[in-house]
Number of protein chains: 2
Amino acid sequence: MLLRIRPESDEPIYEQIIHQIVFQVAAQVIDNGTLLPSIRELAKELLVNPNTVARAYQELERQGILAARRGMGMGLTEEAGKRCRELRAQRIRERIGQVVKEALHSGLEPDVLKAWIEDELSRHSARTRKEKR
Amino acid sequence: MLLRIRPESDEPIYEQIIHQIVFQVAAQVIDNGTLLPSIRELAKELLVNPNTVARAYQELERQGILAARRGMGMGLTEEAGKRCRELRAQRIRERIGQVVKEALHSGLEPDVLKAWIEDELSRHSARTRKEKR
DNA sequence: CATACTGTACTATGTGGATAGTACACTAGC
DNA sequence: GCTAGTGTACTATCCACATAGTACAGTATG
């Protein structure tokens, strides 16, 4: 499982883990029923404390995306795909709304904002077409 | 000066103060050369600790937007307008880029993303046309 | 000059995120 | 049954943000 953690980010590490797993499940990079790496294993891979991974896993379990299997690890639920797509939509729409609201509220002309959005859209979709990074 | 502080936000209070002042200067709601409310005064108005306001003012001074006038308060620089418009563009473009990158990287179809953006754009520009909230 | 305001600089406390380390109960696999 | 791995639950420490309170140097204003 490929996760990119930025310790210096404003977003807490345990939330980065949560949302990146949610996004990968939504993108079907990880399929329903898959067994995720154990807390200690993922912690070692991400150079992060096991407690931090445990907190992320607990939150995902609370939302019905993960289910604990003692002695084996944490597995994805059957509803994981559906729920993750819902969460992805919720997160993205909320963040778009924040930026747009903030930008217009700051007196920025809507045309300029739309131009910037188009710019970023083409920039990142160009990268997506070729490879991931 | 109208600032809306959300103590429960992920964004630290002192950063909220900074970026809201920057945005209002960029929008020319506050003109160059204006004298801002004193640290203690603004702190009382925002129901926030004076130290928090002081930290925001110090950062704005460090960026050449504010200048301290002992006994009077903090006043906007002559370059304040220009610098604040630069900072506004930087902040907005960066946040747009993050959301777009995240969304496309999560396997979301570009068409869906564009639809969501159009939705939020029309929603908030409708509000802007009438009043602020 | 005297007062009241200004910004600035401290110390101390509380909270949440993150780390470190330990311990316990459960289970797959040999 | 044993071992090694699993999730879970603690305690302790560190750091940043925010708060509370005090003190000091400079200045506008009377």
Side-chain angles (χ1 to χ4, degrees), chain A residues 1 3-22 25 30 33-77 80 91, chain B residues 1 3-22 25 30 33-77 80 91:
Chain A
M1 187 161 60
L3 300 186
R4 336 194 86 255
I5 300 304
R6 306 183 194 276
E8 79 281 3
S9 168
D10 288 340
E11 186 181 24
I13 297 179
Y14 79 97
E15 286 186 9
Q16 296 183 41
I17 298 176
I18 292 176
H19 102 247
Q20 289 193 32
I21 290 181
V22 167
V25 174
I30 317 177
T34 306
L35 210 60
L36 293 190
S38 74
I39 290 181
R40 294 175 179 83
E41 193 178 342
L42 183 57
K44 192 176 297 181
E45 181 186 333
L46 300 181
L47 303 177
V48 145
N49 194 277
N51 296 334
T52 306
V53 179
R55 185 169 178 182
Y57 275 15
Q58 281 174 351
E59 177 61 19
L60 289 170
E61 186 178 21
R62 201 187 63 78
Q63 299 201 12
I65 296 172
L66 284 187
R69 315 211 199 292
R70 289 258 170 169
M72 301 186 62
M74 305 280 279
L76 287 181
T77 309
R91 176 183 167 101
Chain B
M1 187 162 58
L3 299 186
R4 336 194 88 256
I5 300 303
R6 305 183 194 277
E8 79 281 4
S9 168
D10 288 339
E11 186 181 23
I13 296 180
Y14 79 98
E15 286 187 9
Q16 295 183 41
I17 298 176
I18 292 176
H19 102 247
Q20 289 192 31
I21 291 181
V22 167
V25 174
I30 315 176
T34 305
L35 210 61
L36 292 191
S38 74
I39 291 181
R40 294 175 179 82
E41 194 178 342
L42 184 56
K44 193 176 296 179
E45 180 185 335
L46 301 181
L47 302 177
V48 146
N49 195 277
N51 295 335
T52 306
V53 178
R55 185 168 178 182
Y57 275 14
Q58 280 174 351
E59 177 61 20
L60 288 170
E61 186 179 20
R62 201 186 62 79
Q63 299 203 10
I65 295 172
L66 284 186
R69 313 211 199 293
R70 289 260 172 171
M72 301 187 60
M74 305 281 278
L76 287 181
T77 309
R91 175 183 167 100

Do the side chains of [Y] and [X] get nearer than 4.5 Å, heavy atoms only?
{"X": "B/Val25", "Y": "B/Thr34", "result": "no"}
{"X": "B/Leu42", "Y": "B/Tyr57", "result": "yes"}
{"X": "A/Ile21", "Y": "A/Met1", "result": "yes"}
{"X": "B/Leu76", "Y": "B/Ile65", "result": "yes"}
{"X": "B/Val48", "Y": "B/Ile13", "result": "yes"}

Check: Does any N or O donor sit under 3.5 Å from an N or O acceptor when you compare the side chain of A/Arg40 with the base of D/dG7?
Finding: yes
Quick one: [X] [atom1] to [N] [atom2], roughly how many Å, whole number?
{"X": "A/Asn51", "N": "D/dC14", "atom1": "CG", "atom2": "P", "answer": "17 Å"}
{"X": "B/Tyr14", "N": "D/dA18", "atom1": "OH", "atom2": "P", "answer": "7 Å"}
{"X": "B/Asp10", "N": "D/dA18", "atom1": "CG", "atom2": "P", "answer": "11 Å"}
{"X": "A/Glu11", "N": "D/dC17", "atom1": "CD", "atom2": "C1'", "answer": "18 Å"}
{"X": "A/Leu66", "N": "D/dG7", "atom1": "CG", "atom2": "P", "answer": "10 Å"}
{"X": "B/Ile5", "N": "D/dT19", "atom1": "CD1", "atom2": "P", "answer": "10 Å"}

Next item on the list: State the CZ-CE distance between A/Arg70 and A/Met72, to the nearest 0.5 angstrom.
Entry: 14.0 Å
Item checked: Whether B/Gln16 side chain and B/Glu11 backbone form a donor-acceptor pair below 3.5 Å -> yes
Item checked: B/Glu41 and B/Lys44 ion-paired at < 4.0 Å -> no
Check: Any Lys/Arg nitrogen of A/Glu61 or A/Arg69 sitting under 4.0 Å from an Asp/Glu carboxylate oxygen of the other?
Finding: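 No, this pair does not count.
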Check: Base, sugar-phosphate, or nothing: which does B/Glu61 touch, judged by heavy atoms less than 4.0 Å apart?
Finding: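 Contact class for B/Glu61: sugar-phosphate only.
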Item checked: Start and end of chain B contact along DNA chain C [non-hydrogen atoms, under 4.0 Å] ->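 Answer, 5' to 3': C/dT6 to C/dC10.
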Tabulate atom names and distances for all N/O pairs under 3.5 angstrom spanning the protein and nucleotides 27-30 of chain D.
residue: D/dT27; atom: O4'; partner: B/Arg70; partner atom: O; Å: 3.4

